[in-house]
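Worksheet for the structure shown next.
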2 protein chains.
Amino acid sequence: MATRMKDIAVDLGVSLMTVSKALRNHSDISEETRARVLKRARELNYEPNWIARSLATRRTYMVGVVIPDLMHSFFAEVAKGIARHLDPLGYQVVISNTDENPAAERRQVDLLVARHIDGLIIATALPSWKLNAHPAFESRATPYVLIDRLPAGLEANYVGVRDEELGEMATAHLLAQGCRRVAHLRGPATANSAGRVRGYKRALSRAGVEFHPEYVVQAGGGDMSGFTAMQHLLSLPSRPDAVFCYNDPVAAGAIQAVLESGLQVPADVAIIGAGNVHYSDQLRVPLSTIDQSSGLLGEEAAGLLVQCIEAKTPAKHSHILIPPRLIVRDSSRRAALRT
Amino acid sequence: MATRMKDIAVDLGVSLMTVSKALRNHSDISEETRARVLKRARELNYEPNWIARSLATRRTYMVGVVIPDLMHSFFAEVAKGIARHLDPLGYQVVISNTDENPAAERRQVDLLVARHIDGLIIATALPSWKLNAHPAFESRATPYVLIDRLPAGLEANYVGVRDEELGEMATAHLLAQGCRRVAHLRGPATANSAGRVRGYKRALSRAGVEFHPEYVVQAGGGDMSGFTAMQHLLSLPSRPDAVFCYNDPVAAGAIQAVLESGLQVPADVAIIGAGNVHYSDQLRVPLSTIDQSSGLLGEEAAGLLVQCIEAKTPAKHSHILIPPRLIVRDSSRRAALRT
DNA sequence: CTGAAAGCGCTAACAG
DNA sequence: CTGTTAGCGCTTTCAG
């Protein structure tokens with residue numbers, strides 16, 4: 001059996017409370033007593049029981065992180081950023097995968113809330129997010145921060161990227177390479193892709209390039225979605241000469257599809273992704289991308305959440321938007337070819 | 001305030017115990033009472049308080065997973081496998097990153113144990129693992145399963161890959177491609193790389209190829225380690241014509257080093273990795289690798305752990321070894337070139 | 001079948 | 001500065 005405060009107390013002939021206070025550096029304990037307690041605690045390998053402590057204090061120092069896919073290195077990086085911020089503060093991070101499944105997401109949230117986590121960080125897979133619809137959530141009023149994806153019309157704390165700016169940046173870059181038939185592999189409606197689509201359109205219109213609806217196709221979730229969506233684009237009568245993909249895994253799939261069809265990247269089709277996943281410079285063709293500072297994003301989200309947890313006033317809906325950064329690699333570098 | 005059992009009890013004019021039993025489908029409650037309780041519980045959005053329950057039952061239904069790097073998709077995949085197995089059983093998975101840092105690992109383990117997790121799955125970064133040296137661990141006797149890496153001479157539950165077989169398989173494959181100067185980028189001493197080195201040597205000796213110590217260099221931990229280690233190999237007077245890398249990220253770095261030096265893969269240097277990370281077929285040169293069934297590995301580990309948790313008799317040290325599978329892609333396919 | 005008593009290990013609030 | 005009295009919300013044990 002593990003050592004309890006009580007053991008130390010009887011051992012030293014003091015009261016349980018004295019031990020409790022001494023251990024927590026409570027002010028009103030004499031230096032001498034504290035020293036004795038600490039010493040004995042160490043000797044007995046005392047470790048506080050977090051369960052009991054949580055029950056009494058109503059704080060667990062656990063934070064839940066709900067993400068659609070751990071395998072997607074963007075989210076893994078975000079998760080690491082979160083942990084990096086929270087760990088020194090004494091919070092334990094509990095990560096849950098939803099596989100982009102709304103039902104799974106709801107279940108995970110319920111579970112975490114039932115475990116009385118102190119706060120929640122969520123990259124939601126729900127088209128329109130209603131935590132309010134979560135009875136468990138509502139009753140406990142667990143503070144939460146959304147990341148990466150902000151369902152339209154939802155007022156909430158949010159940390160993400162300037163999606164419209166991102167879309168415009170990527171598209172403008174492709175146009176600057178001399179491409180004119182610029183297509184877009186957009187993400188599912190549930191994601192943050194609407195803003196990127198807007199940015200895409202804006203860049204086109206600013207460059208005076210006509211918008212062709214058939215150039216925007218959706219690349220769902222799966223690992224192969226970029227591949228198949230690209231195949232579709234290639235089969236169009238007027239095949240695109242550039243593609244802006246809403247994330248890097250999709251872009252990687254797109255590159256494969258282009259190469260397999262016998263065409264070249266970027267000569268025939270220039271490609272750019274988003275997210276700057278860590279292996280994107282090692283791909284078949286090193287991938288141009290828009291960096292989203294994933295680690296930083298995680299840290300910011302964690303910071304905001306802690307603020308919410310510790311504030312007595314639940315000052316809702318702050319937004320933190322991280323500026324996108326263009327990273328040019330071979331997959332879109334066409335200028336050189338035209339010299 | 002969230003609903004408690006007590007609320008339901010007074011509400012229905014029954015005792016707290018009746019509610020408790022009814023909610024847990026305890027046998028001795030009349031169907032009628034149970035129905036009433038369940039109904040009211042739903043109406044009041046009752047959610048059991050896990051903290052309180054844990055304190056009373058001494059079970060948390062949380063399982064800790066301690067891994068060196070979430071960003072390495074091998075571990076991400078393992079983690080998903082673990083969750084896939086544990087989730088339906090009602091266990092929550094708590095993942096901790098150690099960044100290959102022994103001190104961090106020790107700290108994470110302590111934290112998890114202090115939180116009274118029911119069991120632990122660890123891919124250790126410690127050279128020689130001594131949980132026994134963990135006072136907290138020892139006193140609580142938390143069941144645990146090691147994965148991927150088994151420190152020499154340690155008796156413990158373990159789920160991993162047949163490393164020696166893996167090393168031999170990879171090396172034999174390179175030899176079969178006609179390579180004779182086969183080098184090996186081995187992992188750090190803390191990892192499971194010793195077995196792979198043995199396999200490498202065995203394959204050489206079986207093929208009657210002499211072993212050159214300078215052909216075995218260590219590729220540490222960092223993302224660039226494969227790159228720099230490969231550069232070293234390329235600078236040797238007698239440059240290798242093939243390299244077996246102990247994992248895929250290192251292999252990816254090695255490929256880059258070879259290409260940057262102006263040589264070809266696999267024509268000048270054939271390369272094979274291990275782990276079959278999900279993007280390995282999208283690399284600059286599609287990477288041959290040895291698949292380790294990461295997801296399955298996670299599931300097996302979870303299964304073994306649950307067995308330990310639920311067994312009254314702590315039947316220690318089972319070993320589950322997953323057979324490696326050769327996957328040939330372009331990076332090592334030389335036979336075709338020689339026709 | 002139902003319930004009263006006791007306790008899991010710790011802490012908040014107040015007395016001494 | 002130290003200790004007492006009450007819980008936190010649930011479960012286990014054992015009487016009714």
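Small disclaimer: the values here were computed from a predicted structure and weren't measured.
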Phosphate OP1/OP2 of [N]: any [X] side-chain N/O under 4.0 Å:
{"X": "A/Arg58", "N": "D/dG9", "value": "yes"}
{"X": "A/Ser30", "N": "D/dT2", "value": "yes"}
{"X": "A/Thr18", "N": "D/dG3", "value": "yes"}

Output the rounded distance in Å from [atom1] ([X]) to [atom2] ([N]).
{"X": "B/Lys6", "N": "D/dC8", "atom1": "NZ", "atom2": "P", "result": "6 Å"}
{"X": "B/Glu47", "N": "D/dG9", "atom1": "CD", "atom2": "C1'", "result": "14 Å"}
{"X": "A/Glu32", "N": "D/dC1", "atom1": "CD", "atom2": "P", "result": "12 Å"}
{"X": "B/Arg4", "N": "D/dG7", "atom1": "CZ", "atom2": "C1'", "result": "11 Å"}
{"X": "A/Arg115", "N": "D/dG9", "atom1": "CZ", "atom2": "C1'", "result": "15 Å"}
{"X": "B/Glu31", "N": "C/dT2", "atom1": "CD", "atom2": "P", "result": "10 Å"}

Listed by chain and number, what are the side chain to side chain donor-acceptor pair (under 3.5 Å) partners of [X], not counting sequence neighbours?
{"X": "B/Gln92", "answer": "A/Arg115"}
{"X": "B/Lys21", "answer": "none"}
{"X": "B/Ser73", "answer": "none"}
{"X": "A/Lys39", "answer": "A/Glu43"}

If each of B/Leu55 and B/Ser15 is mapped to the nucleotide of DNA chain C with the nearest heavy atom, which maps nearer the 5' terminus, i.e. the 5' end?
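Its nucleotide being nearer the 5' end, the pick is B/Ser15.
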State which residues pass salt bridge (Lys or Arg N to Asp or Glu O under 4.0 Å) with [X]; sequence neighbours excluded, sorted by chain then number.
{"X": "B/Glu32", "value": "none"}
{"X": "B/Arg59", "value": "B/Asp118"}
{"X": "B/Glu155", "value": "none"}

Please determine which of A/Thr98, A/Thr124, A/Ile122, A/Leu126 meets the side chain to side chain contact (heavy atoms under 4.5 Å, CB included) test together with A/Val109.
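Going through the options one by one, the only one that passes is A/Ile122.
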Carboxylate-amine/guanidinium contact B/Arg107 B/Asp110, below 4.0 Å
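Not counted as a salt bridge, because no side-chain N and carboxylate O are separated by less than 4.0 Å.
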Take the C1' atoms of the five end pairs on each side of the helix from C/dC1-D/dG16 to C/dG16-D/dC1, derive the two axes, and give their angle rounded to 10 degrees.
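The value is 40°.
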Could you list by number each residue of residues 33-41 of chain B showing a heavy-atom separation from DNA chain D of less than 4.0 Å, or answer none if no residue does?
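Of all residues in residues 33-41 of chain B, none places a heavy atom under 4.0 Å from DNA chain D.
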Tell me the ring pair (Phe, Tyr, Trp, His ring centres under 6.0 Å) pairs involving residues 76-115 of chain B, sequence neighbours left out?
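Residue pairs with at least one partner in residues 76-115 of chain B: B/Tyr61-B/Tyr91.
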Sorted by first residue and then second, give each salt bridge (Lys or Arg N to Asp or Glu O under 4.0 Å) pair with at least one member in residues 294-304 of chain A; sequence neighbours left out.
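Only A/Arg84-A/Glu299 qualify under salt bridge (Lys or Arg N to Asp or Glu O under 4.0 Å).
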In the 5'-to-3' direction, what one-character label does each nucleotide of nucleotides 11-16 of chain C receive under the scheme B = base within less than 4.0 Å of a protein heavy atom, S = sugar-phosphate only, - = no such atom?
BB-B--
